[in-house]
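These notes concern the structure reproduced below.
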2 protein chains.
Amino acid sequence: MVALPSGVLGALDSTSDRAVFRQIADQLREAIDKGRFKEGAKLPSESELVEHYGVSRMTVRNALSVLQGEGLVHSEHGKGVFVRPRPPVRRLASDRFARRHREQGKSAFTVEAEAAGSRPEVDSLEVKEERPTQDVSARLGGPRRVLARRRRYLLDGRPVEFAASFLPLDLARNTPIAQPNPGPGGIYARLEELGHRLDHFEEEIRARMPSPAEIRTLRLASGVPVIHLIRTAFDTEGRPVEVCDTVMAADAYVLAYQLPAT
Amino acid sequence: MVALPSGVLGALDSTSDRAVFRQIADQLREAIDKGRFKEGAKLPSESELVEHYGVSRMTVRNALSVLQGEGLVHSEHGKGVFVRPRPPVRRLASDRFARRHREQGKSAFTVEAEAAGSRPEVDSLEVKEERPTQDVSARLGGPRRVLARRRRYLLDGRPVEFAASFLPLDLARNTPIAQPNPGPGGIYARLEELGHRLDHFEEEIRARMPSPAEIRTLRLASGVPVIHLIRTAFDTEGRPVEVCDTVMAADAYVLAYQLPAT
DNA sequence: AAGTGGTCTAGACCACTCT
DNA sequence: GAGTGGTCTAGACCACTTG
C-alpha cells in the first residue's frame with residue numbers, strides 16, 4: 001500500500017449535502033480535467049482511495065462507476081482504473097459520396113483510413129436476400145424482399161462501425177451488387193453502371209446508448225454512446241434505391257455537413 | 001409486499017457464468033423490449049425483486065443501474081423505477097436555415113415547435129462581449145474578442161438544447177445582433193441586412209455523455225447522451241461570420257441532412 | 001504471492017412519496 | 001405509517017494481472 005501523492009486529492013466536506021461518493025467522483029473528475037491524471041494514466045487503486053478518504057470500498061466503487069458512466073475512465077480487471085484515452089477520430093465529410101471519390105479501385109473507407117495513417121479492415125460480410133423491416137421497406141417504397149449487405153469496419157483492429165445496406169431485389173439480384181465484393185467504387189458505382197444515376201442522399205442522425213449486442217459487436221467501453229445514421233440514396237428519377245443503416249462508436253467519429261443558405 | 005405477476009420474470013441460471021446482476025438485468029430488459037412493461041410503467045420494487053430472485057438488495061440495485069445506464073429506465077425517489085418514455089422528438093431538417101424560413105416574425109424554433117403541437121420557450125438569454133476560446137477564434141478567423149449569445153430552448157417545459165453563438169465584434173457591435181431579441185428572422189436575417197449575405201453553413205456533429213454541468217442545464221436523465229453540434233456560417237465572400245455551439249439532449253432530436261451525389 | 005478489480009451478502013439509516 | 005429508492009458499512013470470496 002502506497003500513500004497517495006499529496007495534494008492531488010482533497011478531503012471530504014462532511015457538512016455538505018452532497019453524497020460522499022459524488023464528492024469523491026467530483027474530486028477525481030476535476031483532477032482528470034486539470035490534467036493531474038493524464039490520458040491512459042492509472043488512477044489510485046480502490047484500496048488507496050478507501051484509505052485516503054476513510055470510506056468503505058463500495059462507496060469508492062460507486063464513485064468510480066459514476067466516472068465510468070461518463071466515459072471518463074475505464075477499468076481493467078487485475079490492473080486498475082485508467083483515464084480513457086481519446087481514440088483517433090474518423091471524420092465523415094459531406095462530400096464523401098461525391099462521384100469523384102468513387103473512381104478509384106478502393107473503397108472510401110480504405111482510402112480515407114490509409115490517408116489518415118490507420119490500418120483499415122472490413123469483416124463479417126454477409127450478403128443475402130431477406131424480408132425488410134417495416135421501416136426499411138417504407139423508406140424503399142414498399143418492397144417485400146430486399147438484398148441485405150452487412151459489414152463491420154475496423155480501424156487499427158478496433159471495430160468502429162457496423163453497417164447494413166438494403167436494396168430492392170429487382171435492382172440488385174444477379175448483379176455485382178449481390179457479390180460480397182462489388183468491385184471498385186462500391187455499390188454506388190455499380191448502381192450507376194446499371195443505369196440508376198444517383199441524385200442525392202438523405203441522412204438521419206440519432207445518438208443513444210448502445211444495446212448489449214452493439215456493445216459486443218463494437219467492443220464499446222461503458223460510457224460510450226453510438227451514433228445511429230440512416231442514409232437513403234435516391235436516383236435522378238426520385239426513386240429510393242438503397243437504405244444504409246449504420247451504427248458507429250460515437251467516440252470514433254465526427255460527422256461534417258454542408259448546408260446551403262438558400 | 002405483493003407477489004410478482006407470474007411468468008413475467010424467470011429464474012436465475014446458477015450454472016451460468018453470467019453474473020447474477022447481469023442475468024436479472026437481462027430478464028428485465030427482455031421484458032421491457034417485449035412490451036411486458038410498457039412505456040412509463042413501474043417495474044417491480046427493489047424489495048419485490050429481492051424476494052423473487054432470492055438475492056441481496058445490492059445485487060438488485062446493481063442490475064437496475066445497468067438498465068439505467070442504458071437509458072431504458074429511470075428511478076424516482078420514493079415512487080419506484082419506471083420504463084423511460086420516449087419524449088417527443090424534434091427533427092432538424094437540412095433546409096432549416098433556408099432564406100424562405102427566415103421571413104416570418106418568429107424564430108425557427110418557435111414556429112417549428114408550435115407546428116408540432118409543443119409549447120416552446122427560450123430562456124437564460126445572455127448577450128455579452130468576451131474573449132473567445134481558441135477553437136472558436138480559429139473557426140472565426142482569429143478575432144480576439146467576440147459577441148457571445150447564449151440561450152436555452154425548452155419544449156413543453158423540458159430543456160432540450162443549449163446554444164451559444166459567437167460573432168466577430170466588428171460585425172455585431174452596435175447592431176441589433178447585440179440586442180437580447182434581434183428581431184424577426186433572428187441574427188441571420190440581421191446579418192444579411194448588414195450586407196453579409198450568407199452563402200452556406202458547415203456543421204460538425206459529435207455524440208458523447210454529458211458533463212455534470214450539462215446534466216444540470218438540460219435536466220438529463222442518466223443514460224441519455226448529448227449531441228454536440230458546431231455550426232459555422234459563411235458569407236458569400238467565404239468569410240466565417242458566426243460560430244454556433246449547440247448541445248442537445250440526444251433523446252429529443254433527429255438531425256436530417258441532404259447530400260449531393262455529385 | 002501480492003495487488004488489482006468483480007461480485008455478493010446482510011445489514012443500517014435516511015429522504016422522499018403516497019394515503 | 002408504510003413503502004419506495006438513496007447512501008453507506010464491513011465484511012467475504014473470486015478472477016485476473018504482474019512480479
Side-chain angles (χ1 to χ4, degrees), chain A residues 1-4 11-28 37 40-69 72-84 215 221-223, chain B residues 1-4 12-28 37 40-69 72-84 212 215 221-223:
Chain A
M1 188 82 64
V2 185
L4 284 185
L12 297 176
D13 176 2
S14 53
T15 71
S16 167
D17 284 358
R18 194 149 177 86
V20 173
F21 77 90
R22 289 189 203 283
Q23 292 188 46
I24 297 175
D26 291 344
Q27 293 192 11
L28 289 168
F37 297 112
K42 184 178 171 303
L43 295 192
S45 74
E46 293 180 355
S47 48
E48 284 170 334
L49 292 169
V50 162
E51 192 175 5
H52 177 84
Y53 287 113
V55 296
S56 80
R57 187 170 163 228
M58 282 310 297
T59 302
V60 163
R61 282 182 63 77
N62 210 343
L64 290 171
S65 84
V66 168
L67 300 180
Q68 200 158 347
L72 272 182
V73 306
H74 69 110
S75 61
E76 296 181 30
H77 197 168
K79 296 166 80 172
V81 177
F82 301 86
V83 180
R84 214 154 63 75
I215 289 176
S222 58
Chain B
M1 187 84 63
V2 184
L4 284 184
L12 297 176
D13 176 1
S14 53
T15 71
S16 167
D17 284 358
R18 193 148 176 87
V20 173
F21 77 91
R22 289 189 204 283
Q23 292 187 46
I24 297 175
D26 291 344
Q27 293 192 10
L28 289 167
F37 298 113
K42 184 178 171 303
L43 294 192
S45 73
E46 293 179 355
S47 48
E48 283 170 334
L49 292 170
V50 162
E51 191 175 4
H52 176 84
Y53 286 112
V55 298
S56 78
R57 186 169 164 228
M58 283 310 297
T59 302
V60 163
R61 283 182 61 77
N62 210 342
L64 290 170
S65 83
V66 168
L67 300 180
Q68 200 157 354
L72 272 181
V73 305
H74 70 108
S75 59
E76 296 181 30
H77 196 168
K79 295 168 80 174
V81 177
F82 301 86
V83 180
R84 214 154 63 75
I215 289 176
S222 59

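Chain identifiers are assigned alphabetically (A, B, ...) following the order of the sequence lines, protein sequences preceding nucleic acid strands; residue numbering begins at 1 within each chain.
- Residue K42(B) is the one, among K42(B) and V20(A), whose nearest nucleotide of DNA chain D lies closer to the 5' end (criterion: closest heavy atom).
- If E76(A) and E76(B) are placed on DNA chain C by their nearest nucleotide, the residue sitting closer to the 5' end is E76(A).
- The side-chain heavy atoms of L64(B) and L28(B), taken from C-beta on, include a pair separated by under 4.5 Å.
- Side-chain N or O atoms of Q23(A) include one that pairs as donor or acceptor with a backbone N or O of D13(A) at under 3.5 Å.
- Between S45(B) and dT4(D) there is a side-chain N or O to OP1 or OP2 distance below 4.0 Å.
- Summary of the strand contacts: K79(A) and T59(A) both lie near DNA chain D, and taking for each the nucleotide with the nearest heavy atom, the more 5' one is attributed to T59(A).
- Taking CG of L43(A) as the start and CD of E48(A) as the end, the distance is 10.0 Å to the nearest 0.5 Å.
- Protein atom CZ of F82(A) is 11 Å distant from nucleotide atom P of dT17(D), rounded to whole Å.
- One interatomic measurement links the two molecules: CZ of F21(B) to P of dG6(C), which rounds to 9 Å at whole-angstrom precision.
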Evaluation steps, side-chain contact (heavy atoms from CB on, under 4.5 Å), between V81(A) and L67(A): CA-CA 10 Å; V81(A) 177; L67(A) 300 180; over 6 Å; no

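- S75(B) has no side-chain polar atom (N or O) that falls below the 4.0 Å cut-off from OP1 or OP2 of dT4(D).
- Between the CG atom of L64(A) and the C1' atom of dG5(C) there is a distance of 10 Å, given to the nearest Å.
- Nucleic acid contact for R22(B): sugar-phosphate only, since backbone atoms but no base atoms lie under 4.0 Å from a heavy atom of the residue.
- Across dG5(D), dT9(D), dC8(C), the shortest atom-to-atom separation from the side chain of H77(B) is found for dG5(D).
- Contact annotation: S56(B) side-chain N/O to dG11(C) OP1/OP2 distance is not under 4.0 Å.
- For R61(B), no side-chain nitrogen or oxygen approaches OP1 or OP2 of dG5(D) to under 4.0 Å.
- The separation between E51(B) atom CD and dT4(D) atom C1' is 15 Å, rounded to whole Å.
- In this structure, of dA15(D), dC13(D), dC8(D), it is dC13(D) that holds the atom nearest to the side chain of R57(A).
- Side-chain atoms of E46(A) lie closest to dG5(C) of the nucleotides dG5(D), dC8(D), dG5(C).
- Atom pair M58(A):CE and dA12(C):P shows a separation of 18 Å (rounding to whole Å applied).
- Protein atom OH of Y53(B) is 17 Å distant from nucleotide atom C1' of dT7(C), rounded to whole Å.
- If you take NZ on K42(B) and CZ on F37(B), they are separated by 9.5 Å, rounding to the nearest 0.5 Å.
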